[in-house]
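Scroll down for the structure; my scribbles are underneath it.
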Protein chains: 2
Amino acid sequence: MRYHKIPEETIRRLPVYLRQLMLLCQKDCTNVSSHNFSDLVHIPDSQIRKDFSYFGDFGVRGKGYDVKKLIKEIKRILKLESTRQVALVGAGRLGSAVLSYPGFGSYNFKITCAIDNDKRKIGKKIGNLTIKNASQINSLKKKNIKLAIVATPADAAQDVTNKLVKAGVNGILNFAPCTLTTPKKVKVINIDIAMDLATLSYYLRSA
Amino acid sequence: MRYHKIPEETIRRLPVYLRQLMLLCQKDCTNVSSHNFSDLVHIPDSQIRKDFSYFGDFGVRGKGYDVKKLIKEIKRILKLESTRQVALVGAGRLGSAVLSYPGFGSYNFKITCAIDNDKRKIGKKIGNLTIKNASQINSLKKKNIKLAIVATPADAAQDVTNKLVKAGVNGILNFAPCTLTTPKKVKVINIDIAMDLATLSYYLRSA
DNA sequence: CTCTGTGAAGAAGTTCACAGCA
DNA sequence: TGCTGTGAACTTCTTCACAGAG
């Protein structure tokens with residue numbers, strides 16, 4: 001394994017691989033070839049091998065990849081080995097749904113801070129988490145929280161984001177339907193359902 | 001404007017442009033240059049000009065782009081000119097949040113069918129839409145519904161998807177944390193919050 | 001002058017095809 | 001034989017740089 005710059009696209013695929021590997025592990029599958037794996041994730045086997053090869057020689061020639069080993073390696077690469085706290089800002093319908101999303105555990109994510117500035121919501125409990133007011137954003141630094149989910153209306157999102165960045169947050173998952181401006185060191189991933197539907201609409205054959 | 005194959009990436013950016021243009025329109029901004037627009041969407045101006053150029057000469061040299069005209073053109077390209085019905089399968093917390101999401105209107109999307117197979121949910125109303133049982137998927141063809149949102153648990157998602165495809169659905173927005181298998185003609189966009197957080201985690205500087 | 005539209009150059013990502021190890 | 005790991009070829013996407021229109 002030589003040095004190569006790792007493509008961003010490879011990083012985006014690693015969680016897909018991880019999710020599928022955890023599923024295989026649940027089914028007591030211990031070994032998988034790139035060819036078989038390809039059928040499961042719909043990514044070409046050559047792509048899968050190349051993606052893994054950026055990080056090391058994880059496979060065994062003639063045999064394939066050890067599922068548990070691969071899970072461990074990908075978790076290490078993605079820095080998912082220890083529990084990672086996440087803050088949620090905006091506890092509306094979408095935010096609340098995210099809060100009670102059961103899928104975070106297997107990635108070691110834990111939402112440990114929920115924030116809203118609607119006085120009717122502050123103090124309420126969702127699960128075992130109490131919604132705090134916006135001034136709590138400053139405390140994220142102390143708590144060493146580096147990831148945040150923004151689920152506020154668009155007009156509040158940039159303001160919230162500025163505060164999050166000031167509080168040391170380095171990664172933002174943005175559900176607000178707007179483009180966020182952040183320093184380069186802060187990575188933002190945007191999710192906009194209406195935009196995704198619009199993309200799908202383009203690909204519909206007939207009008 | 002010569003013939004060019006249109007990059008998929010261009011299609012993914014069109015909704016971003018559209019969203020921002022609608023915002024500008026709201027603020028009574030009537031004209032915008034690729035340079036100014038670039039600052040708003042954080043996409044290079046050369047990229048913006050090239051993206052538009054695939055579809056026609058929408059701008060005026062020395063002046064920029066007419067906001068309203070551009071909105072109209074992009075809506076036409078994305079086939080968003082008339083109301084498009086969307087089905088929702090899975091009316092759990094996430095599905096319900098999507099149902100009451102206010103942002104679909106400006107894209108002419110309307111969720112006109114909500115489906116779940118939990119007997120406690122069937123018959124309930126969310127907004128002015130009654131949740132129906134899974135057998136209703138067959139009626140999508142009659143209603144000419146081509147887009148669906150899958151927000152079921154992972155273990156139900158592939159089964160639901162097969163039924164949707166059989167009912168003529170050509171575009172699926174998948175929230176279930178699994179890879180869906182569909183015929184090539186059916187476009188799938190996946191949204192998995194945990195996976196996106198995992199991607200963000202990679203980019204965090206320190207462990 | 002300003003700003004678009006666009007070939008050409010460059011960068012990034014994917015696929016091929018096969019050497020080499022089990 | 002079966003399957004990985006990987007340079008090289010290829011494809012796709014982005015950026016440059018500038019002609020040309022207003």
Side-chain angles (χ1 to χ4, degrees), chain A residues 1-17 21 24 29-71 73-74 77 184 187 199 202-203, chain B residues 1-17 21 24 29-71 73-74 77 184 187 199 202-203:
Chain A
M1 172 208 162
R2 299 266 196 90
Y3 171 78
H4 283 96
K5 202 178 159 251
I6 296 157
E8 275 203 68
E9 294 301 311
T10 294
I11 303 304
R12 286 212 287 178
R13 283 187 292 267
L14 289 182
V16 179
Y17 299 147
L21 287 165
L24 284 175
C29 170
T30 58
N31 192 277
V32 70
S33 70
S34 59
H35 180 77
N36 293 157
F37 200 57
S38 170
D39 290 342
L40 295 172
V41 293
H42 304 145
I43 292 169
D45 55 352
S46 59
Q47 182 77 81
I48 291 167
R49 290 199 300 280
K50 182 148 292 237
D51 283 343
F52 292 159
S53 79
Y54 289 122
F55 302 98
D57 293 9
F58 297 157
V60 180
R61 284 160 205 248
K63 213 177 159 216
Y65 298 89
D66 181 87
V67 172
K68 280 196 178 162
K69 183 189 170 183
L70 207 44
I71 288 174
E73 294 286 1
I74 296 178
I77 295 163
K184 262 206 309 288
K187 180 95 179 166
T199 304
Y202 173 85
Y203 289 102
Chain B
M1 171 206 162
R2 299 267 195 89
Y3 171 79
H4 284 96
K5 203 177 159 250
I6 294 158
E8 277 204 66
E9 294 301 310
T10 294
I11 302 304
R12 287 212 287 177
R13 282 187 293 267
L14 289 182
V16 179
Y17 298 148
L21 287 165
L24 284 176
C29 170
T30 57
N31 192 277
V32 70
S33 70
S34 60
H35 180 77
N36 293 156
F37 200 56
S38 171
D39 291 341
L40 297 172
V41 293
H42 303 147
I43 294 169
D45 55 352
S46 59
Q47 182 76 83
I48 292 166
R49 290 198 300 279
K50 182 147 292 231
D51 283 342
F52 292 158
S53 80
Y54 290 121
F55 302 98
D57 294 7
F58 298 158
V60 179
R61 286 163 203 243
K63 209 173 161 219
Y65 298 89
D66 181 87
V67 172
K68 280 195 177 162
K69 183 189 170 182
L70 207 45
I71 289 174
E73 294 286 2
I74 297 178
I77 295 162
K184 263 206 309 286
K187 180 94 180 168
T199 306
Y202 173 85
Y203 289 102

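Just so it is clear: chains get the letters A, B, ... in the order the sequence lines come, proteins before strands, and each one is counted from 1.
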Please report the distance, rounded to the nearest Å, between [atom1] in [X] and [atom2] in [N].
X: Asn31(B); N: dC3(C); atom1: CG; atom2: C1'; result: 10 Å
X: Asp57(A); N: dC3(D); atom1: CG; atom2: C1'; result: 13 Å
X: Glu9(B); N: dT11(D); atom1: CD; atom2: C1'; result: 14 Å
X: Leu70(B); N: dG5(C); atom1: CG; atom2: C1'; result: 14 Å
X: Tyr3(A); N: dG7(D); atom1: OH; atom2: P; result: 14 Å
X: Ile6(A); N: dA11(C); atom1: CD1; atom2: C1'; result: 17 Å
X: His4(A); N: dA12(C); atom1: NE2; atom2: C1'; result: 13 Å
X: Ile43(B); N: dT14(D); atom1: CD1; atom2: P; result: 9 Å

- Could you check whether Phe52(B) gets within reach of a base, just the sugar-phosphate, or nothing at all, counting any heavy atom under 4.0 Å?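 Nothing, no heavy atom under 4.0 Å.
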- Task: Could you tell me whether Arg12(A) contacts a base, only the sugar-phosphate backbone, or nothing, with contacts defined as non-hydrogen atoms closer than 4.0 Å?
- Result: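 Result for Arg12(A) = nothing.
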- Starting at the 5' end of DNA chain D and moving along, which residue's nearest nucleotide shows up first, Lys5(B) or Tyr65(A)?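 It is Tyr65(A), whose closest nucleotide lies nearer the 5' terminus.
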- Query: Is the count of non-hydrogen atoms from other residues, nucleotides or ligands lying under 6.0 Å from His42(A) atom NE2 greater than 12?
  - Reply: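 Yes.
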- For Arg13(A), does the CZ atom have more than 12 heavy-atom neighbours from other residues, nucleotides or ligands under 6.0 Å away?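 Atom CZ in Arg13(A) is crowded, with more than 12 foreign heavy atoms closer than 6.0 Å.
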Do [X] and [Y] come close enough that some side-chain heavy atom pair is under 4.5 Å?
X: Asn31(A); Y: Val60(A); result: no
X: Tyr54(B); Y: Leu14(B); result: no
X: Leu40(A); Y: Leu24(A); result: yes

Under 4.0 Å between a side-chain N/O of [X] and OP1 or OP2 of [N], yes or no?
X: Tyr54(A); N: dG13(C); answer: no
X: Ser34(B); N: dC3(C); answer: no
X: Arg49(A); N: dG2(D); answer: no

- Query: How do Arg61(A) and Lys50(A) order along DNA chain C: which one's closest nucleotide is nearer the 5' end?
  - Reply: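 It is Lys50(A), whose closest nucleotide lies nearer the 5' terminus.
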- Query: Between Asp45(B) and Thr10(A), which is nearer to the 5' end of DNA chain C once each is assigned its nearest nucleotide?
  - Reply: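 In this pair, the answer is Asp45(B).
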- Looking at Tyr17(B), Phe52(B), Phe37(B), Phe58(B), which hits ring pair (Phe, Tyr, Trp, His ring centres under 6.0 Å) with Tyr65(B)?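 That would be Phe52(B).
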Can you tell me which nucleotide in [options] comes closest to the side chain of [X]?
X: Glu8(B); options: dG5(C), dG5(D), dC13(D); result: dC13(D)
X: Met1(B); options: dT6(C), dG2(D), dG7(D); result: dT6(C)
X: Gln47(B); options: dT14(C), dC13(D), dT14(D); result: dT14(D)
X: Val60(A); options: dC16(D), dA22(C), dT14(D); result: dA22(C)
X: Ser33(B); options: dA19(C), dG5(C), dC3(C); result: dC3(C)

